[in-house]
Amino acid sequence: MSNETLNAMTLARLSYFNLSAILQLYQKAGSATAIVENKNNIRDIIPDASPKLVELLRDCDRMRARAEEELEYDLTHDIKPITISDPEYPHRLTECDDAPIVLYYKGNADLNCSRVVNIVGTRKCTTYGQDMVRRFIADLKSCCPQVLIVSGLAYGVDICAHTQALEHGLETVGVLAHGLDDLYPYAHRNTAIEMTRHGGLLTEYMTHTNADKINFVRRNRIVAGMSDACILVESAAHGGGLITADISRSYNRDVFAFPGRVGDKYSEGCNNLIRDNGAALLTNALDFVKAMGWYSDASLEKARMEGIERRIFPDLSPDEQRVVDVLAKHNDLHLNMLATQAGMAVNQLVGVLFELEMKGVIRTMAGGMYHLLA
C-alpha cells in the first residue's frame, strides 16, 4: 500500500468527530500526504485552517501508529482500504460533503456499478414486508440484471434484501457499523461470508470498533450516498429506515416507499412519507425501473408481456391453482376457511397445501394459517 493510503487512514482516524472539516481540508490540500507532512504548519498551505483543526493535527503521530497496525491487519485478512481518491471508491459517495476519507472493503462487487439501489426498513419485518422484498428483487433481476443491492446487514428488511439478492443472482453489499474483524449481528455470519463472494462488506471503521448506536446512524449516510435510489419497505412512525430515506433526499437521491395497510404499525412510516411527498409510492419493480429511466418503454412492455409484473406459478395442478386463486384474493387463511372457499374437503386440501409448500408457493404460519408468497 502507498504512503498516501496510510496517511489517509491516519486522517480518517482523526476525523471521527469532524468529518466535514477533515474532508474539506483534504480537498483543499489535494492529498492526505500534504496534510500529514505539514501537520505542524498546516496554515502554510491552508491559511484559513481553524484552530480546532490545527489542534487536531497534533495527534497525527499517535493516529499514524494505529493506522499502521490497521494496515497490517488488513493486508493479512484480504481487506482493502480504499481512499476517496481511489478509482474503486464509490464515486456517488464523493458527491456528499460528509463522505469518509477511507473505506475498508472485503468483497468483489463493483462499488461503482452502473445501477445501485439500497433497500432499508424495520428490523421487525412482517411477512408482508418479506414478500415485498422477495417479489421486488426477483422482478428487478428480470428487468435489470446488473444492479447492486446495498443494505446494512441488520435484522428484518436488511437481511431479507441481502438474502434475496443472493438467491436471485444479484451482488449485494452490506455497510457495517463496526470494523471488519467482527460481525453484528453474529446470526448473519453465514450470509456475510456468502456476500464476500458475491458482493461485499464495507465500513468506514477500523478493527476493534464496537457497534455503538451512533455508528449505525453514521453508516446510514454511506448506504444513502453510494446509491442511486433508496427503497423503504416497512417502517414504524419513527423507524431507522426513515433516517436513511431522509439522508437520501438530502443527497438528491430518489426515494421510494412501499405503502401498507392503514393502521399497521410497521407501515406507518412508509405511509406518512408517501403522504408528505417524501417518497414516491412503489408497488412493483417495473414502475421503479421506469421511474429511474433504466429501461426503455418497449422493453418494459415486453417484460409485462412475459409476465414479470405478476408472476404465474409454474406447473400447478388445477386444485393447486384453485387454492392459489383463493389465497390471492384473501391471503392468510385458516385451513378450515381455505377448505370452504376452495370447495375442497380438508383431507384433500392438506395434500394440495403440502405440494404447494414444497414448490415454494405458500408458507405455513402460526395458528394453522396459510400464506401465499408474493
Side-chain angles (χ1 to χ4, degrees), residues 1-46 49-50 52-112 173 175-183 196 200-212 215 218-219 221-222 225-226:
M1 288 289 175
S2 68
N3 192 49
E4 172 65 16
T5 298
L6 192 58
N7 287 329
M9 292 168 65
T10 301
L11 287 183
R13 188 70 175 177
L14 282 173
S15 72
Y16 185 83
F17 294 108
N18 216 330
L19 281 167
S20 297
I22 289 291
L23 179 58
Q24 289 171 13
L25 183 64
Y26 176 89
Q27 291 168 336
K28 288 179 180 178
S31 71
T33 301
I35 297 171
V36 172
E37 289 180 347
N38 292 275
K39 61 182 184 295
N40 296 320
N41 58 316
I42 193 64
R43 287 199 173 116
D44 288 350
I45 59 171
I46 310 291
S50 70
K52 189 173 183 179
L53 276 176
V54 171
E55 181 66 26
L56 195 64
L57 289 173
R58 291 176 181 169
D59 209 20
C60 261
D61 290 341
R62 185 169 66 87
M63 293 304 175
R64 184 180 178 86
R66 177 65 183 91
E68 289 172 345
E69 174 189 318
E70 180 67 24
L71 186 57
E72 182 178 353
Y73 181 93
D74 294 346
L75 293 174
T76 305
H77 292 83
D78 198 28
I79 296 169
K80 182 170 185 180
I82 306 175
T83 71
I84 198 168
S85 60
D86 194 308
E88 294 182 53
Y89 190 95
H91 63 75
R92 296 167 179 84
L93 191 55
T94 63
E95 303 166 2
C96 308
D97 60 10
D98 54 358
I101 294 175
V102 177
L103 292 170
Y104 299 94
Y105 183 47
K106 186 178 182 68
N108 54 20
D110 180 6
L111 301 178
N112 289 304
V173 167
V175 183
L176 307 181
H178 52 77
L180 288 171
D181 58 332
D182 196 6
L183 186 73
T196 60
L201 302 176
L202 187 69
T203 184
E204 67 178 305
Y205 300 110
M206 291 184 176
T207 55
H208 311 307
T209 303
N210 294 328
D212 296 329
N215 294 353
R218 286 163 59 104
R219 70 96 187 270
R221 81 189 196 286
I222 299 175
M226 67 182 290

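Atom set for the values below is all heavy atoms of this structure, side chains included, hydrogens, waters and symmetry mates excluded.
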Requested in this report: Name all residues meeting the side chain to side chain contact (heavy atoms under 4.5 Å, CB included) criterion together with D61; count only those two or more places apart in sequence or in a different chain, and write none if there are none.
Outcome: K39
Report task. Look up atom CD in E69 and atom CG in L71, then write down how far apart they are to the nearest 0.5 Å. Result -> 11.0 Å
Report summary line: Here the pair of heavy atoms bringing A67 nearest to M9 is O-CE, 3.5 Å
Requested in this report: For the pair N38 (side chain) and A34 (backbone), establish whether a donor and an acceptor sit closer than 3.5 Å, ignoring hydrogens and angles.
Outcome: yes
**Report entry** Partners meeting side chain to side chain donor-acceptor pair (under 3.5 Å) with R66 (sequence neighbours left out)
**Finding:** E70, T207
Report summary line: The side chain to side chain contact (heavy atoms under 4.5 Å, CB included) partner of Y89 among T83, I101, L103, N112 is L103
**Report entry** Worked verdict on L111 versus I82 for side-chain contact (heavy atoms from CB on, under 4.5 Å)
**Finding:** CA-CA 11 Å; L111 301 178; I82 306 175; 4.1 Å; yes
Report task. Kindly write out the residues that satisfy side chain to side chain donor-acceptor pair (under 3.5 Å) with S31, not counting sequence neighbours, or none if the list is empty. Result -> none
Report summary line: ring pair (Phe, Tyr, Trp, His ring centres under 6.0 Å) filter on H77, not counting sequence neighbours, yields Y73
Query raised in the report: Taking only residues two or more places apart in sequence or in another chain, which ones pass side chain to side chain donor-acceptor pair (under 3.5 Å) with T203?
Result: none
Report task. Provide the closest heavy-atom pair for C96 versus G225 in the form atom of the first, atom of the second, distance. Result -> SG-CA, 3.9 Å
Query - Atom pair CG/CD of L6 and E68 - distance to nearest 0.5 Å - result: 5.5 Å
Query raised in the report: Roughly how far apart are T196 OG1 and I79 CD1, rounded to 0.5 Å?
Result: 10.5 Å
Query - Flag, side chain of N210 to backbone of D212, donor-acceptor distance under 3.5 Å - result: no
Report summary line: Checking R219, R218, R13 against E204 for salt bridge (charged side-chain N to carboxylate O under 4.0 Å, His left out), the one that qualifies is R218
**Report entry** Nearest non-hydrogen partners of T10 and C60, listed with the distance
**Finding:** CG2-O, 3.5 Å
Report task. Would you indicate whether the side-chain heavy atoms of L57 and N40 approach each other to under 4.5 Å? Result -> no
Query raised in the report: Rounded to the nearest 0.5 Å, how far apart are CD1 of I35 and CG of L11?
Result: 5.0 Å
Query raised in the report: Which pairs, with at least one residue in residues 95-105 and sequence neighbours excluded, count as a side chain to side chain donor-acceptor pair (under 3.5 Å)?
Result: E95-R253, D98-Y251
Query - Closest non-hydrogen atom pair, M226 against V175 - result: SD-CG2, 4.1 Å
Query raised in the report: Do R64 and N7 pass the side-chain hydrogen bond (donor to acceptor under 3.5 Å, both in side chains) test, and can you show the C-alpha distance, the side-chain angles, and the key distance before you say yes or no?
Result: CA-CA 7 Å; R64 184 180 178 86; N7 287 329; 2.4 Å; yes
Query raised in the report: What's the shortest heavy-atom distance between L180 and L176, and which atoms?
Result: CD2-CD1, 3.6 Å
Report task. List the atom of A99, the atom of R221, and the distance in Å for their closest heavy-atom pair. Result -> C-NH2, 4.3 Å
Query raised in the report: Which of these passes side chain to side chain contact (heavy atoms under 4.5 Å, CB included) with V173: D110, L202, L201?
Result: L202
Query raised in the report: With a cut-off of 6.0 Å (strictly less than), are more than 12 heavy atoms of other residues, nucleotides or ligands near CG of D182?
Result: yes
